[in-house]
S.K.: 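Below is a structure I'd like to ask you about.
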Amino acid sequence: MTVERPDRNLAIEIMRATESAALAAARWQGRGEKEAGDQAAVDAMRQMLETVHMDGTVIIGEGEKDEAPMLFNGERVGTGEAPKVDIAVDPIDGTRLLAEGRPGSVAVLAAAPEGAMFDPGPCVYMEKLVVSHEAADAVDLDRPLAENLASIARASGKEVRDCTVMMLDRDRHEDAKRAVREAGARLQLITDGDVTGGVLAAWDERPEIDLLYGIGGTPEGVILACAIKALDGHMLGRLWPRSDSEKQAALDGGYDLERILTAEDLASGPDCFFSCTGITPSQLVQGVTFDPHGAVTESLVMRSKSGTVRTIRARHRFAKLRQYAAVEY
């Protein structure tokens with residue numbers, strides 16, 4: 001066994017960026033303005049990322065520079081010093097949830113060594129299946145959901161009727177919803193944001209969710225893979241083109257649309273980092289709460305190399321922060 005000295009945990013530093021994004025976005029809770037909330041989160045995250053000692057490139061962002069005033073694909077972030085890292089961001093996973101004042105929105109950021117993150121190209125969506133490590137050998141993306149649920153139940157020592165599946169509530173999932181119900185399992189439908197569900201499904205210390213399944217965003221899948229690796233969970237994915245033109249663009253780009261992707265395919269290497277901070281309350285982390293002195297945030301921070309998972313509750317005192325912070329608190 002090789003013994004190493006403790007080294008730098010980049011996850012702790014990128015957490016400050018998700019905290020800033022959450023604090024800025026939380027002011028827009030329930031105000032019905034998705035774009036304004038998203039922009040506030042992006043601006044705050046970008047400003048904080050500029051202070052992180054890294055040479056980062058956004059691989060998973062908000063689109064190309066000319067199409068969105070957001071953290072765009074290819075943007076350079078950090079101070080420019082080593083290490084060189086790939087960055088995946090979702091300043092608000094659950095923008096609609098925030099705008100409507102609903103639970104479940106989080107600010108999310110992941111990092112991995114340069115060249116480690118999967119570039120989904122034209123494919124905006126992918127089919128995803130996530131379970132904990134104890135059910136890793138029990139699932140197959142090509143197997144019917146009922147069979148997967150029976151295998152998950154056996155692996156976890158439960159009955160199928162006691163297993164819970166989390167799924168985005170979309171028309172494209174009608175057959176999957178029916179299959180879960182006919183199998184006798186419990187179904188928890190969410191309107192947006194499947195990163196939280198994936199983390200819960202992978203985390204064996206949090207038994208609320210046994211399986212995340214469905215077709216959701218490919219960027220969220222790449223971000224989620226960094227968390228899956230820290231939790232020793234299991235993830236399977238497959239690109240899901242939305243149209244014939246998107247399918248042809250993917251094929252022209254050399255993508256194998258039948259290939260089943262694992263967390264290692266989406267974020268390779270042993271040292272991946274993940275941070276999420278609650279904006280509105282969720283099953284995973286508490287949302288931002290304001291009081292006369294400032295605000296309190298709760299973040300979940302992970303590193304795959306060590307397997308360390310931290311829940312960090314932070315008190316932010318606005319009277320002090322406003323004296324020097326570039327972010328408007």
S.K.: Strictly by modelled atom types, are Asp43 and Gln39 linked by a side-chain donor-acceptor pair under 3.5 Å?
M.R.: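 Checked: Asp43/Gln39 side chains pair up, N/O donor to acceptor below 3.5 Å.
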S.K.: Would you say Thr218's side chain and Val124's backbone share a donor-acceptor pair under 3.5 angstrom?
M.R.: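 Answer holds: yes.
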S.K.: Go through the side-chain N and O atoms of Asp265 and Thr262 and say whether any donor and acceptor fall under 3.5 Å apart.
M.R.: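 Present: a donor and an acceptor within the cut-off.
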S.K.: Would you check, one step at a time, whether the test side chain to side chain donor-acceptor pair (under 3.5 Å) holds for Asp252 with Gln248?
M.R.: CA-CA 6 Å; Asp252 292 344; Gln248 190 58 54; 2.8 Å; yes
S.K.: Carefully, step by step, assess Val42 and Arg46 under the rule side-chain contact (heavy atoms from CB on, under 4.5 Å).
M.R.: CA-CA 6 Å; Val42 168; Arg46 174 182 280 119; 3.9 Å; yes
S.K.: Looking only at heavy atoms, which two atoms of Asn73 and Ile59 are closest? And how far apart?
M.R.: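 Smallest heavy-atom distance, with atoms named: OD1-O, 3.5 Å.
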S.K.: So, Thr18 side chain and Val108 main chain: donor-acceptor pair closer than 3.5 Å or not?
M.R.: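 Absent.
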S.K.: Report yes or no: does Lys128 contribute a side-chain atom to a donor-acceptor pair with the main-chain N or O of Gly217 at less than 3.5 Å?
M.R.: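 Looks like yes, one N/O pair under 3.5 Å.
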S.K.: Rounded to the nearest 0.5 Å, what separates atom CG in Leu212 from atom OG1 in Thr196?
M.R.: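 Those atoms lie 10.0 Å apart.
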S.K.: Before giving the answer on side-chain contact (heavy atoms from CB on, under 4.5 Å), spell out for Leu239 and Phe118 the whole-Å C-alpha distance, their side-chain angles and the decisive distance to 0.1 Å.
M.R.: CA-CA 12 Å; Leu239 298 176; Phe118 179 79; 4.1 Å; yes
S.K.: Taking all non-hydrogen atoms of both residues, which atom of Pro91 and which atom of Ala21 are closest, and how far apart?
M.R.: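 It is O-CB, 4.2 Å.
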S.K.: Are Ile209 and Leu284 connected into the same hydrophobic cluster when the rule is that any two of I, L, V, M, F, W, Y join if their side-chain heavy atoms are below 4.5 Å apart?
M.R.: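 Shared cluster, yes.
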S.K.: If the threshold is 4.0 Å, N to carboxylate O, is there a salt bridge linking Arg178 and Asp175?
M.R.: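 Looking at Arg178 and Asp175, the cut-off is met.
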S.K.: Please examine the side chains of Arg238 and Asp142, heavy atoms only from C-beta on, and report whether any two atoms are closer than 4.5 Å.
M.R.: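 Yes. Closest side-chain heavy atoms under 4.5 Å.
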S.K.: Test of understanding: clusters of I, L, V, M, F, W, Y form through side-chain heavy atoms closer than 4.5 Å, transitively. Do Met235 and Ile215 belong to the same one?
M.R.: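 Unlinked, Met235 and Ile215 end up in two clusters.
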S.K.: Any heavy-atom pair between the side chains of Val85 and Ile87 that's under 4.5 Å?
M.R.: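 Side-chain contact under 4.5 Å: yes.
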S.K.: About how many Å separate CD of Glu246 and OH of Tyr125, when rounded to the nearest 0.5 Å?
M.R.: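 Going from OH on Tyr125 over to CD on Glu246, the span is 9.5 Å.
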S.K.: Under 3.5 Å, is there a donor-acceptor pair between the side chain of Lys229 and the main chain of Cys272?
M.R.: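 Not confirmed, Lys229 side chain does not pair with Cys272 backbone.
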S.K.: Would you call Lys305 and Phe273 a side-chain contact if the rule is heavy atoms closer than 4.5 Å?
M.R.: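 A side-chain contact is absent here, since even the closest heavy-atom pair is not under 4.5 Å.
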S.K.: Parallel, tilted or perpendicular for Phe290 and Phe318, by the 30°/60° rule?
M.R.: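 Geometry flag for Phe318 against Phe290: tilted rings.
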S.K.: What do you reckon, is CZ of Arg315 surrounded by more than 12 foreign heavy atoms closer than 6.0 Å?
M.R.: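 Counting other residues, nucleotides and ligands, CZ of Arg315 exceeds 12 neighbours.
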S.K.: Is Val195 reachable from Met117 through a run of hydrophobic residues whose side-chain heavy atoms are each under 4.5 Å from the next?
M.R.: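 Yes: a chain of side-chain contacts under 4.5 Å links Met117 to Val195.
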S.K.: Between Trp28 and Ile92, is there a side-chain heavy-atom distance shorter than 4.5 Å?
M.R.: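 Result no, sub-4.5 Å side-chain heavy-atom pair not found.
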S.K.: Is atom CG of Asp244 surrounded by more than 12 heavy atoms (other residues, nucleotides or ligands) closer than 6.0 Å?
M.R.: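 No.
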S.K.: Under 3.5 Å, is there a donor-acceptor pair between the side chain of Glu298 and the main chain of Ala314?
M.R.: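 Judged by distance alone, no pair lies under 3.5 Å.
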S.K.: For atom NZ of Lys177, decide whether the heavy atoms of other residues, nucleotides or ligands shown that lie under 6.0 angstrom number more than 12.
M.R.: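 Counting other residues, nucleotides and ligands, NZ of Lys177 exceeds 12 neighbours.
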S.K.: Salt bridge or not between Glu19 and Arg16? Use side-chain N to carboxylate O under 4.0 Å.
M.R.: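 Looking at Arg16 together with Glu19, the answer is no, because their closest N to O distance does not fall below 4.0 Å.
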S.K.: For Asp210 and Val131, indicate whether the former's side chain and the latter's backbone hold a donor-acceptor pair under 3.5 Å.
M.R.: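 Not a single qualifying donor-acceptor pair exists.
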S.K.: Is there a side-chain contact between Trp203 and Val130 in this structure, where contact means two heavy atoms from C-beta onward sitting under 4.5 Å apart?
M.R.: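 No, every pair of side-chain atoms sits at 4.5 Å or beyond.
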S.K.: Locate the shortest heavy-atom distance separating Val301 from Ser275; write the atom from each residue and the value.
M.R.: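 Nearest heavy atoms, Val301 then Ser275: CG2-OG, 4.2 Å.
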S.K.: Where do Leu266 and Val222 come nearest, in terms of heavy atoms and distance?
M.R.: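 Distance-wise, the nearest heavy atoms are O-CG1, 3.8 Å.
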S.K.: Using atom types as modelled and distance alone, determine if a side-chain donor or acceptor of Asp169 lies under 3.5 Å from a backbone N or O of Leu189.
M.R.: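 No; zero donor-acceptor contacts below 3.5 Å.
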S.K.: Could you tell me if Glu81 and Thr79 have a donor-acceptor pair between their side chains, going purely by distance under 3.5 Å?
M.R.: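 Yes, side-chain donor-acceptor contact under 3.5 Å.
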S.K.: Can you confirm whether Met54 sits close enough to Val77 that some side-chain heavy atom of one is under 4.5 Å from a side-chain heavy atom of the other?
M.R.: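 SC-SC contact between Met54 and Val77 confirmed.
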S.K.: List the atom of Pro103, the atom of Leu97, and the distance in Å for their closest heavy-atom pair.
M.R.: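 Reported closest heavy-atom pair: O-CD1, 3.4 Å.
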S.K.: Hey, what's the ring geometry for Tyr213 with His173, parallel, tilted or perpendicular (30° and 60° as the breaks)?
M.R.: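 Plane angle between 30° and 60°, so tilted.
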S.K.: Can you list the steps and then say if Arg186 with Asp162 is a salt bridge (charged side-chain N to carboxylate O under 4.0 Å, His left out)?
M.R.: CA-CA 7 Å; Arg186 290 150 43 97; Asp162 295 328; over 6 Å; no
S.K.: As an exercise, state the distance from CG of Leu224 to CG of Asp90, rounded to the nearest 0.5 Å.
M.R.: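 Going from the CG atom of Leu224 to the CG atom of Asp90 covers 11.5 Å.
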S.K.: Using the rule that Ile, Leu, Val, Met, Phe, Trp and Tyr join whenever any side-chain heavy atoms are under 4.5 Å apart, tell me whether Met166 and Val285 fall into a single cluster.
M.R.: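 The answer is yes; both residues are in one hydrophobic cluster.
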S.K.: Any chance you could measure Ser306, atom OG, to Asn9, atom CG, to the nearest 0.5 Å?
M.R.: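 These two atoms lie 6.0 Å from each other.
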S.K.: Are the side chain of Asp86 and the backbone N or O of Gly115 linked by a donor-acceptor pair below 3.5 Å?
M.R.: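 Between the backbone of Gly115 and the side chain of Asp86 there is a qualifying donor-acceptor contact (under 3.5 Å).
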S.K.: Return the CG to OG1 distance between Leu98 and Thr280, rounded to the nearest 0.5 Å.
M.R.: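 Between Leu98 CG and Thr280 OG1, I get 6.5 Å after rounding to 0.5 Å.
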S.K.: Heavy atoms, side chains only, cut-off 4.5 Å: are Asp55 and Arg76 in contact?
M.R.: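 Side chain of Asp55 against side chain of Arg76, heavy atoms only: contact under 4.5 Å found.
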S.K.: Determine whether more than 12 heavy atoms belonging to other residues, nucleotides or ligands lie under 6.0 Å from atom CZ of Arg172.
M.R.: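 Enclosed: over 12 neighbouring heavy atoms sit under 6.0 Å from CZ of Arg172.
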S.K.: Take Met302 and Val199 through the side-chain contact (heavy atoms from CB on, under 4.5 Å) test and state the conclusion after the steps.
M.R.: CA-CA 11 Å; Met302 309 183 198; Val199 172; 3.8 Å; yes
S.K.: Give me the atom names and distance for the closest heavy-atom approach of Gly278 to Val106.
M.R.: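 Nearest pair, atom of Gly278 first, then Val106: CA-CG1, 4.1 Å.
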S.K.: Cluster question for you: counting only ILVMFWY and a side-chain heavy-atom cut-off of under 4.5 Å, with indirect links fine, are Leu149 and Leu200 together?
M.R.: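 Different clusters: Leu149 never reaches Leu200 through Ile, Leu, Val, Met, Phe, Trp or Tyr contacts under 4.5 Å.
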S.K.: Decide, yes or no, whether a salt bridge links Asp192 with Arg170 under the criterion of side-chain N to carboxylate O below 4.0 Å.
M.R.: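 So Asp192 pairs with Arg170 through a salt bridge.
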S.K.: Main chain of Met45, side chain of Ser20: is a donor-acceptor contact present, judged purely on distance under 3.5 Å?
M.R.: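 Here the side-chain-to-backbone pair does not exist.
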S.K.: Quick one: does Asp271's side chain get under 4.5 Å of Arg303's, heavy atoms only?
M.R.: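 They are in contact (side-chain heavy atoms under 4.5 Å apart), so the answer is yes.
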S.K.: Show, in sequence, the C-alpha distance, side-chain angles and deciding distance for Arg313 and Val296, and conclude whether the side-chain contact (heavy atoms from CB on, under 4.5 Å) test is met.
M.R.: CA-CA 7 Å; Arg313 184 177 183 271; Val296 174; 3.7 Å; yes
S.K.: As an exercise, state the distance from SG of Cys276 to CG of Leu300, rounded to the nearest 0.5 Å.
M.R.: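 Atom-to-atom, Cys276:SG and Leu300:CG are 5.0 Å apart.
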S.K.: Atom CZ of residue position Arg310 - does it have more than 12 heavy atoms of other residues, nucleotides or ligands inside 6.0 Å?
M.R.: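 No, because the 6.0 Å sphere around CZ of Arg310 holds 12 heavy atoms or fewer from other groups.
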S.K.: Would you check if the side chain of Glu75 reaches a backbone N or O of Phe72 as a donor-acceptor pair within less than 3.5 Å?
M.R.: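 Indeed, once roles are kept as given, a pair shorter than 3.5 Å links the two residues.
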S.K.: Is Asp137 atom CG crowded by more than 12 heavy atoms from other residues, nucleotides or ligands, each under 6.0 Å away?
M.R.: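 Open.
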